[in-house]
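Worksheet: the structure to be examined is printed underneath.
Each ligand, and each atom within it, is numbered from 1 in the order the structure gives.
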Amino acid sequence: MSKATTADHHDLAADDALRMSIRRAVLDVRARTPLAQSFTNFVTINLVANAQLAAGGTAAMSYLPDDVIDIAAMCGATYINVGTLLPFYKDALGEITASLHEAGHRWVLDPVAAGLGATRTAILKAMRDTPPSLVRANASEVIALDALWGLSDGSDVTDGPAGVESTDDVDTALGAAKRVAKHLRAGDPDGLGAVAVSGETDLVTDGERVFRLPGGDMMMTKITGAGCALGGVAATYLCVAEPLVAALAASLLFDRAGERAAAESHGPGSFQTEFLDALWAIDADTVSTSTILEANR
Ligand SMILES: Nc1ncnc2c1ncn2[C@@H]1O[C@H](COP(=O)(O)OP(=O)(O)O)[C@@H](O)[C@H]1O
Ligand SMILES: Cc1ncsc1CCOP(=O)(O)O
Ligand SMILES: [Mg+2]
């Protein structure tokens, strides 16, 4: 549980509109099989696609700007993940994100290893003024993105990037997450946006409201790609729901699936298999009745 006590939070009421929207999103994805395309790293690309299918969506993985831009015209959302970089990424991602933003096409960013290396920093900086509507990242990545986009007030103390894993806990990223979410909303066609910070207790915010989602399992950190796949599934939900709902639905689905997989598995190999089965099996009621602790305002 995060450092914030439950005295500072309330669990969303059973009939809260947000819970109903989360349930609707899970049902709609299972019913409509929406396409969210992905420009993502080649370490975890297969798990991203399989997680999107297990959640009820469908997948298309692409890298060439004209192909990504063409597909954007016929898919519900786009996922961009900067985990592995290739020489053409600088030009390709600048062209793609400018085109998506211009078209008002919602996209999700997973800024994997944000702050690590000059090339990744340049690529992420270039996204500042054509931002996504949803950022999914771990705490260190959110803090780094906040700083390299020039939003930070310098108050967040961080251990700095340490590769793809976080060295900061989620609560340390609260200020950064709220500032990034407000920045995303300023760039969204409908003024909507959200940041999903993953960790032992996930944090999701639209810049105003702050939600903490206890649960999941530490075994999710022992397979590569759980975070990447969470970003991909968030894009799947973004096809049918606004960014805050998509961020909550994906984070809650993953937490429930991680718990179920941990109970059924005996190591990372069987965990990943059980995790995909759980993403497939977990129903809308299980997701929407999860504990959702909202920070009192
Ligand atoms: N210690 C933990 N306990 C429970 N769930 C966790 C823990 N750490 C991460 N998770 C879950 O694992 C998934 C991946 O999160 P994370 O490992 O933070 O992403 P990344 O791989 O991008 O760093 C998320 O669904 C998150 O909620
Ligand atoms: C190991 C690695 N290296 C570049 S991308 C990647 C996968 C990161 O996946 P996740 O952020 O989901 O742990
Ligand atoms: Mg990651």
Side-chain angles (χ1 to χ4, degrees), residues 1-2 38-52 54-55 61 79-86 89 108-117 119-120 123-124 134-145 158-159 161-173 177 195-204 211-235 237 246-263 265 268 271-272 274-276 278-279 282 287 290-293:
M1 186 62 195
S2 73
S38 299
F39 180 122
T40 190
N41 73 75
F42 38 80
V43 176
T44 63
I45 189 168
N46 179 264
L47 182 60
V48 171
N50 279 328
Q52 290 177 315
M61 314 323 251
Y79 175 46
I80 294 177
N81 172 306
V82 295
T84 46
L85 303 180
L86 290 173
Y89 273 34
V108 177
L109 172 65
D110 185 334
V112 178
L116 205 61
T119 299
R120 180 175 281 100
I123 287 170
L124 290 172
L134 204 168
V135 167
R136 200 303 311 176
N138 63 46
S140 297
E141 292 159 344
V142 171
I143 292 169
L145 189 65
T158 169
D159 297 333
V164 301
E165 303 308 331
S166 187
T167 58
D168 297 281
D169 71 37
V170 168
D171 285 308
T172 310
V195 172
V197 189
S198 56
E200 183 172 358
T201 293
D202 299 314
L203 184 148
V204 174
F211 303 92
R212 286 180 170 83
L213 314 176
D217 192 275
M218 65 80 66
M219 279 304 291
M220 299 163 83
T221 67
K222 300 306 178 186
I223 59 169
T224 188
C228 299
L230 175 54
V233 170
Y237 283 127
L248 288 166
S251 299
L252 292 168
L253 174 67
F254 268 55
D255 285 337
R256 304 295 76 80
E259 291 153 3
R260 188 174 298 191
S265 59
F271 179 86
Q272 179 164 306
E274 292 293 346
F275 184 67
L276 279 176
L279 290 177
I282 285 170
V287 177
S290 299
T291 299
I292 304 174
L293 299 174

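Each of the atoms 7 (C), 9 (O) of ligand 2 lies under 4.0 Å from some heavy atom of T44. Atoms of ligand 1 lying under 4.0 Å from at least one heavy atom of M218, given by number and element, are 2 (C), 3 (N), 4 (C). In the vicinity of A226, heavy-atom distances shorter than 4.0 Å reach the ligand 2 atoms 12 (O). Close approach to E165 involves these atoms of ligand 1, each under 4.0 Å from a residue heavy atom: 23 (O).
Regarding atom 1 (C) of ligand 2, its nearest protein heavy-atom neighbour is T224 OG1, 3.7 Å. The single protein non-hydrogen atom nearest to atom 6 (C) of ligand 1 is G199 O, 3.5 Å, given as residue, atom name and distance. With hydrogens left out, the protein atom closest to atom 17 (O) of ligand 1 is T221 CG2, 3.8 Å, a heavy atom. Annotation: atom 11 (O) of ligand 2 to nearest protein heavy atom, C228 SG, 3.8 Å. Regarding atom 16 (P) of ligand 1, its nearest protein heavy-atom neighbour is S198 OG, 3.4 Å. Taking atom 23 (O) of ligand 1 as the reference point, the nearest protein heavy-atom neighbour is N138 ND2, 2.9 Å. The protein heavy-atom contact nearest to atom 2 (C) of ligand 2 is V164 CG1, 3.8 Å. Closest to atom 26 (C) of ligand 1 among all protein heavy atoms lies D202 OD1, 3.5 Å. Nearest protein heavy-atom neighbour of atom 14 (C) of ligand 1: G227 N, 3.7 Å. Regarding atom 4 (C) of ligand 1, its nearest protein heavy-atom neighbour is D217 N, 3.1 Å. Annotation: atom 12 (O) of ligand 1 to nearest protein heavy atom, M220 CB, 3.3 Å.
Residue contacts with ligand 2: G227 is placed with a nitrogen or oxygen under 3.5 Å of a nitrogen or oxygen of the ligand (distance criterion only). Remark: ligand 2 and G83 share no N or O pair separated by less than 3.5 Å (distance only, no angle test).
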Begin with the C-alpha distance, continue with both residues' side-chain angles, and end with the deciding distance and a verdict on side-chain contact (heavy atoms from CB on, under 4.5 Å) for C228 and N41. CA-CA 9 Å; C228 299; N41 73 75; 3.4 Å; yes
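Using a 4.0 Å cut-off between charged side-chain N and carboxylate O, R260 and D217 make no salt bridge.
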